[in-house]
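When a residue number appears, it is its place in the shown sequence, counting from 1.
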Amino acid sequence: MRDEFWDTALHYGGQKEIWDALRAAAGAEINLAQLIVDSAGIIVQSEDLSTCYDERGAKYDLPTYVLSEPTNIKED
């Protein structure tokens, strides 16, 4: 589901560069994520990156499943 979301994220609007930065930040350690977000000029409106804006005011909504590791999946 994560890959599908990121592959289609641009269809929700916004800029490709911002989506790419959000994808990188979502998978990074907190300090690196903060650096990525700051460098891309992303305005974070929630504690978990679920709601963000770019400098032009475009909104980027990220579903919870792209921001955290699954907890209900067993490894074989």
> Any non-hydrogen side-chain atom of Ile42 less than 4.5 Å from a side-chain atom of Leu22?
yes
> Between Gln45 and Lys59, does a side-chain contact (heavy atoms from CB on, under 4.5 Å) hold up when you go through it step by step?
CA-CA 10 Å; Gln45 290 292 304; Lys59 186 177 182 182; over 6 Å; no
> Measuring from atom CG of Asp61 to atom CG of Leu49, what distance do you get when rounded to the nearest 0.5 angstrom?
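Answer for the CG-CG pair, Asp61 versus Leu49, is 12.0 Å.
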> Mind listing the closest non-hydrogen atom pair of Ala33 and Ala28 along with its distance?
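Minimum heavy-atom contact is N-CB, 4.0 Å.
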> Would you check if the side chain of Tyr60 reaches a backbone N or O of Tyr12 as a donor-acceptor pair within less than 3.5 Å?
no
> Say whether, by atom type as modelled, one donor and one acceptor occur between the side chain of Ser39 and the main chain of Ile36 under 3.5 angstrom.
no
> Quick check on the hydrophobic clustering: are Leu10 and Leu62 connected, directly or via other members, by side-chain heavy-atom contacts under 4.5 Å?
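Linked, Leu10 and Leu62 end up in one cluster.
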> Tell me if a side-chain donor or acceptor on Trp6 pairs with a main-chain N or O of Val66 at a distance below 3.5 Å.
no
> Can you check whether Thr51's main-chain N or O pairs, donor with acceptor, with Ser46's side chain at less than 3.5 Å?
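The answer is yes, because a donor-acceptor pair under 3.5 Å joins these two groups.
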> With side-chain contact (heavy atoms from CB on, under 4.5 Å) as the test, would you mind laying out the steps for Ile30 and Gln34 before giving the verdict?
CA-CA 6 Å; Ile30 188 71; Gln34 185 67 55; 5.7 Å; no
> Are any of the side-chain heavy atoms of Leu67 and Ser50 separated by less than 4.5 Å?
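Touching, per the 4.5 Å side-chain cut-off.
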> Taking Asp3 first and then Arg23, would you say they form a salt bridge - that is, a charged N and a carboxylate O separated by under 4.0 Å?
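So Asp3 pairs with Arg23 through a salt bridge.
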> Would you name the heavy atoms of Gly14 and Ala58 that are closest together and state the gap between them?
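In this case the closest contact between Gly14 and Ala58 is CA-CB, 4.4 Å.
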> Quick one: CG on Asp54 to CH2 on Trp19, what's the gap to the nearest 0.5 Å?
10.0 Å
